[in-house]
Amino acid sequence: DISLPCIKFHFHSMERPMRPYMQDSDNKTTMFTFSCNKTVEMKANDRPNPYIYRKSSDESSDAEGANASPFGYKVQEYNGGNPFCSPSWTFVFELLLTQLEDFLNEAQKLREIMLSSYVKGFVHESAALKEKLDDYVGKTFSDKFDSSHLVDFRESFALDKPIKVNLIRPLLSNPGILMLTE
């Protein structure tokens with residue numbers, strides 16, 4: 001539903017790691033939960049409006065005021081009228097196509113990188129994330145090209161093996177592989 005906003009949850013705003021939520025009789029679950037005291041809402045109604053920053057109202061305010069932020073934007077407190085912010089600031093999600101244990105392990109690794117960046121600095125975060133991304137790309141993109149991506153069955157490969165490339169867009173770099181055909 002494009003009328004719903006995308007909601008961003010920062011790892012540094014999570015009070016504790018993500019954990020499984022309610023297991024069934026087979027001891028299996030596809031849902032997980034976490035508590036987060038700040039959220040960012042964006043693209044409600046599929047419009048690129050200004051982001052809405054929300055925080056839990058029970059958080060202690062700093063010297064610059066309750067609605068101040070270190071980056072200069074206004075933070076809205078939860079007022080009970082927003083259906084996307086839980087009054088307890090505990091959120092539950094269900095995974096459809098991913099194993100929960102694998103997801104939670106990867107999410108915890110990313111959370112640890114984020115939390116350590118506050119201690120070691122953001123240069124450490126960038127290096128650690130690059131290492132993690134390189135490891136992921138190495139596992140995901142093999143030296144074999146999936147021929148089901150070809151448009152015409154008469155196409156033949158012009159290269160012996162695919163080339164690892166990055167699709168560059170403003171503020172984004174998406175890794176992938178390139179194969180030329182005749």
Side-chain angles (χ1 to χ4, degrees), residues 1-62 64-115 117-118 122 125-126 128-129 132-133 136-137 139-141 149 166-176:
D1 186 4
I2 63 170
S3 66
L4 301 176
C6 295
I7 301 178
K8 182 177 182 178
F9 304 95
H10 293 280
F11 281 128
H12 62 81
S13 299
M14 291 183 185
E15 298 165 355
R16 56 188 167 269
M18 297 178 202
R19 60 190 185 282
Y21 180 77
M22 293 190 343
Q23 296 180 339
D24 60 12
S25 61
D26 296 337
N27 244 2
K28 293 182 181 178
T29 183
T30 58
M31 297 190 300
F32 65 95
T33 184
F34 60 89
S35 296
C36 187
N37 58 20
K38 293 178 186 169
T39 62
V40 180
E41 296 176 17
M42 58 196 94
K43 289 200 62 139
N45 295 312
D46 200 29
R47 287 191 221 138
N49 293 331
Y51 294 171
I52 299 172
Y53 296 85
R54 298 194 187 274
K55 68 175 186 171
S56 64
S57 58
D58 61 339
E59 189 177 79
S60 60
S61 62
D62 57 318
E64 295 182 26
N67 292 336
S69 83
F71 304 108
Y73 48 75
K74 187 172 176 139
V75 177
Q76 296 181 5
E77 289 192 18
Y78 174 70
N79 61 7
N82 181 355
F84 308 109
C85 287
S86 158
S88 66
W89 289 82
T90 300
F91 301 90
V92 178
F93 290 91
E94 182 174 16
L95 300 176
L96 299 177
L97 302 174
T98 306
Q99 295 295 320
L100 181 64
E101 188 174 318
D102 295 340
F103 170 78
L104 292 177
N105 287 337
E106 292 299 318
Q108 182 57 28
K109 290 175 188 174
L110 292 173
R111 184 173 183 268
E112 288 170 2
I113 290 171
M114 181 62 197
L115 295 176
S117 70
Y118 284 113
F122 289 104
E125 176 188 19
S126 179
L129 286 175
K132 185 78 178 144
L133 181 63
Y136 173 74
V137 169
K139 289 178 185 175
T140 305
F141 301 115
H149 294 293
N166 287 322
L167 174 62
I168 309 281
R169 294 182 181 154
L171 302 176
L172 292 175
S173 177
N174 297 324

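When a residue number appears, it is its place in the shown sequence, counting from 1. None of the values given here were measured: they were computed from a predicted structure.
- Residue S117 comes nearest to E125 through the heavy atom pair CB-CB, 3.3 Å, listed as atom of the first residue, atom of the second, then distance.
- When the ring pair (Phe, Tyr, Trp, His ring centres under 6.0 Å) test is applied to F34, the partners found at least two apart in sequence or on another chain are F9, F91, F93.
- For L95 against T98, the heavy-atom pair with the smallest separation is CB-O, 3.7 Å.
- With rounding to the nearest 0.5 Å, the separation of CH2 in W89 from OG in S56 is 6.0 Å.
- A heavy-atom distance below 4.5 Å is not found between the side chains of K43 and I2.
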Intermediate values then yes/no, side-chain contact (heavy atoms from CB on, under 4.5 Å), T30 and L100: CA-CA 6 Å; T30 58; L100 181 64; 5.6 Å; no
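- Here N49 pairs with R47 under the side-chain contact (heavy atoms from CB on, under 4.5 Å) rule; sequence neighbours left out.
- Contact record, P20 with T33: O-CG2, 4.3 Å, taken as the closest heavy-atom pair.
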Verdict with supporting geometry, M18 and F103, side-chain contact (heavy atoms from CB on, under 4.5 Å): CA-CA 10 Å; M18 297 178 202; F103 170 78; 3.9 Å; yes
Candidate pair E15 and N37, rule side-chain contact (heavy atoms from CB on, under 4.5 Å), full reasoning: CA-CA 8 Å; E15 298 165 355; N37 58 20; 4.1 Å; yes
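- In this structure, K38 NZ and S13 OG are separated by 5.0 Å, a value rounded to the nearest 0.5 Å.
- L96 is linked by a side-chain contact (heavy atoms from CB on, under 4.5 Å) to nothing, counting only residues two or more places apart in sequence or in another chain.
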List the atom pairs, donor and acceptor, that lie under 3.5 Å between side-chain atoms in residues 107-115 and the rest of the protein, sequence neighbours left out.
from, atom 1, to, atom 2, distance (Å)
Q108, NE2, E112, OE2, 3.2
R111, NH2, M14, O, 3.2

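- For L167, the side-chain contact (heavy atoms from CB on, under 4.5 Å) criterion is met by R169, N174, not counting sequence neighbours.
- Ion pair K8/E41 not flagged as a salt bridge, since none of the NZ, NE, NH1 or NH2 atoms sits closer than 4.0 Å to an Asp/Glu carboxylate oxygen.
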Candidate pair V40 and I52, rule side-chain contact (heavy atoms from CB on, under 4.5 Å), full reasoning: CA-CA 6 Å; V40 180; I52 299 172; over 6 Å; no
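- Listed by first and then second residue, the salt bridge (Lys or Arg N to Asp or Glu O under 4.0 Å) pairs that reach into residues 90-102 come to none, sequence neighbours excluded.
- Taking S126 as the reference, nothing meets the side-chain contact (heavy atoms from CB on, under 4.5 Å) condition, with sequence neighbours excluded.
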